[in-house]
Each structure stands twice: as C-alpha cells, then as structure tokens.
Asks: 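Okay, handing you the structure first.
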There are 2 protein chains.
Amino acid sequence: MEVPSHRYGVTVSTVRVDLVAVVVSVDGQTPRVLAAGAPRRLPAGPLRAEQTSLQASLREFVLEQTGHRLGFVEQLYTFADLGRGGHAAREVSISYLGLAHADTGPGWTRLYDLLPWEDRRPGPRADAGRVEIVRAIRAWARPDRSARASFLWGLDGHPWRPELALQRYELLWEAGLVAESSDATEATGEGMVQDHRRIVATALSRLRATLQYRPVVFELMPDAFTRGRLQVVVEALAGSTVHTPNFRRLVGQHGLVEPTGGVDHGTGGRPARLYRFHRALFTERDLVGTKLPVPRAR
Amino acid sequence: MEVPSHRYGVTVSTVRVDLVAVVVSVDGQTPRVLAAGAPRRLPAGPLRAEQTSLQASLREFVLEQTGHRLGFVEQLYTFADLGRGGHAAREVSISYLGLAHADTGPGWTRLYDLLPWEDRRPGPRADAGRVEIVRAIRAWARPDRSARASFLWGLDGHPWRPELALQRYELLWEAGLVAESSDATEATGEGMVQDHRRIVATALSRLRATLQYRPVVFELMPDAFTRGRLQVVVEALAGSTVHTPNFRRLVGQHGLVEPTGGVDHGTGGRPARLYRFHRALFTERDLVGTKLPVPRAR
DNA sequence: CCAGATTTGCTCAGGATGAGAAAAAGGAAG
DNA sequence: CTTCCTTTTTCTCATCCTGAGCAAATCTGG
C-alpha cells in the first residue's frame, strides 16, 4: 500500500483564502464583538503575501480596518464548505479569535444581541426569551431529538454548559429558528452576513472552553483590577453567574493574581483591594495549566 | 469607524489549498500513524471541487490512497505560514485528525518512532531516552527557559501532562533537537517531510486532550471488548499508565459501556467480561460530556 | 447615625480522585 | 491433581475539589 504523491488529484485546487476575525471585548458587563454594517459583518481580509505568519497578517488588517491592536490571538476553525455564502464558488475562511481591551463605538456589536439565548444571567429580558426558545425547541425536537435538545439546553435535569454555544446554535439552525433571512426577533437574535453568526458562535464556544483551563481573561482586563471586576467579566463571557466566595477562593488559591497594594473606593460598598495578574509566573508556563471557574451549575 | 469591504487588500490571495490527514490507529499496544515514504509523509490531497464538505473530501482521498474508511474525523489546524516547506510560495494545509480501526502494513508508522519522548509507559527504551532528552533540554534551557522546560517535562515537582505534546515538540524545535535535516536518533525520533512532524504533534495533543472529555476511544475499538483492552488502548494513546481499579471505576460510573454477556478467555488470567459502547446514549449527546480518565499523575 | 452594598473569611457536606489491599477465577507448569 | 501466576474484580480509605450557605468587616450615601 504505497501512498502516492500528494500532488494527486484531478482538480487543481487554487482558491481564494480570507482571514476572518472575531474580536471580543467586555464593556462594563456586556461582551462586544467587532462587526459593522447591516446586516453585520465580521472584519475580514486576505492573506498578505509579505507576511510570514497568519497571525501577523491578521493583526495587521485588524489594525488597519479598526485601529485595534490585538492582544491574545488564537486560530479557531477553517470554513470551506461549498456554498457558504450562497455563491457556487468555494471560499476558504480561516477564522481567528482575538481579545481586545474594552472599547465602544460603532462597529462594536453586543454579543448577546447576536446570540441572546447564551446570556443566562438574571435579568428582565433573560427569562422571557428563554421560555420562548425552549418552547420552540421542544416543539421541533419532539420526540426524536428531544434527548439532544434537553442535553444542550440544560433541561430535564441536565446542567447548562456554557461552552456548548456552538452546538446550540447548530441545533437552532437545523430547527430553522436562526435563518439569516428572517427578521431579527427578541429571542433568536440578529442575523449576520453569510455564515458569520456561526463563526461568532464558534468563537464563543472556544472562548468559554478556554476560560476553564487557561487564564485568558486577563487579556481583557486593565493592569490593576478588583476581584469583583474580574468576576463580572468572567460572568459576562460565561453568560451566567458564579458564587462569589467560591470565585475568589479559586482565583486566590491558584496564585493567579497578586495584590498591588492599592484599593478601589468606587465599588459602592467596602473598598476592594486591587490586584494584578501574576504574569511572571504564567508567561513561562505558556499560559497553560491554571484555570478560572466557569459556572456549570444546574 | 466603518469597516470597509472585506475584499480590501493589495494582494489577491489565490493560493493552493491541501488537506492533510493524521490517521491514527492502535495495533496491540502501539499507536500507529498513516505515513509512508522516506522521509515519511502524511497522506494529503487537494480540495475536491465537487465535494460540498471538507470532511467528505478528506474521507474520499484517504479511501482512495489507502483503502481506509475513516470513522471519527475532526479538523485540527490550518498551517499557512510562509516558507513551510522550504519554498517561497505559500502553501495552505488544512489538517485533520482521523481515527481508524487497527491495521498494520506498510505505511503504518509507529507514532512513538516519530515522537519517542511522548511514550512514558515503563519499558526498556523509555528511561534511557528520557534521561538523554532531559539532559539536552536542561543544558539548552538554563537559566532563562528553565521554568518553561521543567513545566513541560514534568520536572521539579510539576506533573507530566500528556496533552502538552505539541508544546514539547515546539520547545525541542527551538532547541534544535528535532531538526528534520539531522539523522534520526533513538531519543529525538525520526524526521518527516516538511512540517509534517509538527502536524503529528498537533494531532497527538488534540487527541489526548479530547480523550479527557469525550469518549472518542471507542472509535478505535471493535464492537465488543474487555475493559482491560480499553485501558491498554487509552494508555497507548496517553503514553502513560493508569491505576487499574480507578480506571474501571470511572468507565463504569459514567455508564459509558454495557456488558454484552460474553467473556474473553484469552487474557491469560481470570476471564474478562465483554462490553460494548453504549452508543444509543451518546450519539444523542453529540459525544460531549462524558470522559475517560487520562493519567495526570506526578 | 443608619441603611445598604460590597468585600472578605469561614464552615460544611458531597462528590471526584489517587492509592493500596485483597478476593475471585481461570490457565499453565510441574 | 496441585501449585503458582496472571488478570479481573470489588472494597476501603484519605485527600482534594466544588457547590452552597452564613456571617463579619468596611465603606458610601442619605
């Protein structure tokens, strides 16, 4: 069984390749994604011939298009299925997740306007939309797909898992509840160009999963911050809340942060101590091996 | 801040795109990778214009080149940095991990011939090679990179983490210990064409990480198997051993398997009960959410 | 001064995990 | 047939991690 040349094949596969960026930041307690236009579109650009690495290419065009210097960058997934955008031609998009410091302005779309069901933090809109979605899913899933549906939506005793955002989006897609052609509703969210909403869902899934075993949140934080502020950012990304004493316990016992000595009096209650990320320790470790809690409660 | 058209850019980025497959199987207690030639080369093929999905394209050319029908397939990473193969031209490779049932023959290379230091199971060759590698790394890392080195190699009180295979390969690369041009040594392994060994390391990392939270091993198992056999396969992929009673406890309590009623008398000791994967339960769940133990002992 | 809000620390139960001991059940060698 | 060896299988125990609740400490704002 000899493996032939890898130039094997009948079709010469020369296609156009784009880079697509999902740039995330947290503004107050709302996560935002860089996407402008109507319908919204993720920033994208071509591979640059002169750039040796993909990441450099990505950073450059995000900087040019938006003026933003990306901190953390991670490759997500390469989308290349036929008919992605409606055209017959194949279009290859290499997608990246990037984290940037807080910023607002046009082009910064609220993440949960795109995927409203992913925000489970207590609030006025949360419950109404949830009921509506769950009803629609139950109707569609019955009876064949109900096990999968209740697993993904944390029904019937299953826990809600934040990191399954992509799988939930895909189920909604199959159920016809997030067709990009339809109008935006309160519960099913705002549509985007082509398959960009799927790419955002991919990014959210990956970000939430990464949060559980790598301290990437610090890419979104200023140099000094309170533990309460850190908790708010984590909860914003996870889309659910955590038990405050347990959160600080975990943050503390991993030695992730060290006090700066300063305090913040603007928190409304007892003043909070300021901390900084213990970077010296963790750049060496390639940022692997220490985790922050993401809720996985019922 | 308006985001311009995503057709923005000075260079038209039309490049050739290949699919590369890392097909893994376990033969006895040695993991194998589909790669033939000298130096060895992973099976690769072009995107097929007529295939709608990448996975379908991949399955087809792996079937054509090797006669193998892939079970599990997962996208790994897209390599596209300039000068990957030594040429100036950019070459984009979308890499996939595939799992196949046990098979031998030419073309099936032993995985740990390529990455010998990743096999930590007790054995004659293991200790000798380990000492040699650790000595070389320590010499190179001192003193700046010693924290990173000891973290990755489980030295100075750090645990050995099987899933960091890629990071270990990259450190060895930086240290000049796995230059593909040099001759294969007992400790640093056999070289491959272009950056294929990096792709194999990527696959191993991903496979080991996946093993910890998704029951993908079953893609490598026959329909009926003993728990001892399952443990051997997991240990082969993880490259280290686990405590037998704990392994069976975990497998049992997750409800992953169910007894077929049969027994296997060929194990050399007390006959072992045969089990099958409880597939009905887990296809529904999208194969998420149940895990098999991978050792992370000191 | 009081009410409210937030930070901070402590405790406790339950589950998961690492490690060891040992019984059960067969095959192989003598 | 008996003895030894090997593998499977079941328990037990200590420890750590995690979820959850209670309460004290400390400030701001009215």
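The structure presented is a predicted model; accordingly, all values stated were derived computationally and were not measured.
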Asks: Do R168(A)'s NZ or CZ and the ring of W160(A) fall within the cation-pi criteria of under 6.0 Å and 45°?
Replies: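 R168(A) over W160(A) ring: yes.
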Asks: Please compare G268(A) and T226(A) by the position of their nearest nucleotide in DNA chain C and report the one closer to 5'.
Replies: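 Here G268(A) is the residue nearer the 5' end.
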Asks: Could you tell me the separation between the CZ atom of R248(B) and the C1' atom of dT17(C), rounded to a whole number of Å?
Replies: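 The answer, rounded to whole Å, is 17 Å.
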Asks: Rounded off to whole Å, could you give me the CD-to-C1' distance for the Q253(B) and dA16(C) pair?
Replies: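 Distance, rounded to whole Å: 7 Å.
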Asks: Please compare H243(A) and G269(A) by the position of their nearest nucleotide in DNA chain C and report the one closer to 5'.
Replies: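 Its nearest nucleotide being more 5', the pick is G269(A).
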Asks: In whole Å, I'd like the distance from the CG atom of N246(A) to the P atom of dG14(C).
Replies: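 It works out to 16 Å between those atoms.
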Asks: Please report the distance, rounded to the nearest Å, between CZ in R249(B) and C1' in dT8(D).
Replies: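 Nearest whole value for this atom pair: 16 Å.
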Asks: Is R121(A) salt-bridged to E235(A), going by a charged N under 4.0 Å from an acidic O?
Replies: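 The answer is no: the pair does not qualify as a salt bridge.
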Asks: Would you indicate which nucleotide in dG26(C), dC11(D), dG21(D) comes nearest to any side-chain atom of P271(B)?
Replies: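 Nucleotide nearest to P271(B)'s side chain: dG26(C).
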Asks: What orientation do F218(B) and F277(B) show, parallel under 30°, tilted 30 to 60°, or perpendicular over 60°?
Replies: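 Parallel, since the angle between the ring planes stays under 30°.
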Asks: Looking only at N and O atoms, is any donor in the side chain of H265(B) or the base of dG26(C) less than 3.5 Å from an acceptor on the other one?
Replies: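 Side chain to base: no pair below 3.5 Å.
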Asks: Using the six-membered ring wherever Trp is involved, compare the ring planes of Y169(A) and W117(A) and label them parallel, tilted or perpendicular (cut-offs 30° and 60°).
Replies: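 Parallel: the ring planes of Y169(A) and W117(A) meet at under 30°.
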Asks: Send over the distance from L250(A) CG to dC16(D) P, rounded to a whole Å.
Replies: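 Between P of dC16(D) and CG of L250(A): 15 Å.
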Asks: From the list dA19(C), dA20(D), dT10(D), which nucleotide is the closest neighbour of the side chain of P245(B)?
Replies: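 Comparing dA19(C), dA20(D), dT10(D) against the side chain of P245(B), the answer is dT10(D).
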Asks: With rounding to the nearest 0.5 Å, note down the distance linking OG1 in T30(B) to CG in D119(B).
Replies: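 The CG atom of D119(B) is 9.5 Å from OG1 of T30(B), to the nearest 0.5 Å.
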Asks: What's the CG-P distance between D264(B) and dT9(D), to the nearest Å?
Replies: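 In whole Å, dT9(D) P lies 10 Å from D264(B) CG.
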Asks: Answer with base, sugar-phosphate or nothing: what part of the nucleic acid does R273(A) contact at a heavy-atom distance below 4.0 Å?
Replies: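 Contact class for R273(A): sugar-phosphate only.
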Asks: At under 4.0 Å between heavy atoms, what does R227(B) touch on the DNA or RNA strands: base, sugar-phosphate, or nothing?
Replies: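 Since only primed, P, OP1 and OP2 atoms lie under 4.0 Å of R227(B), the category is sugar-phosphate.
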Asks: If you go through the side-chain atoms of R270(A), does one of them form a donor-acceptor pair with the base of dG4(C) closer than 3.5 Å?
Replies: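 Result: no qualifying N/O pair found.
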Asks: Roughly how many Å is it from CZ in F247(A) to C1' in dA20(D), rounded to a whole number?
Replies: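 My rounded result for the distance is 17 Å.
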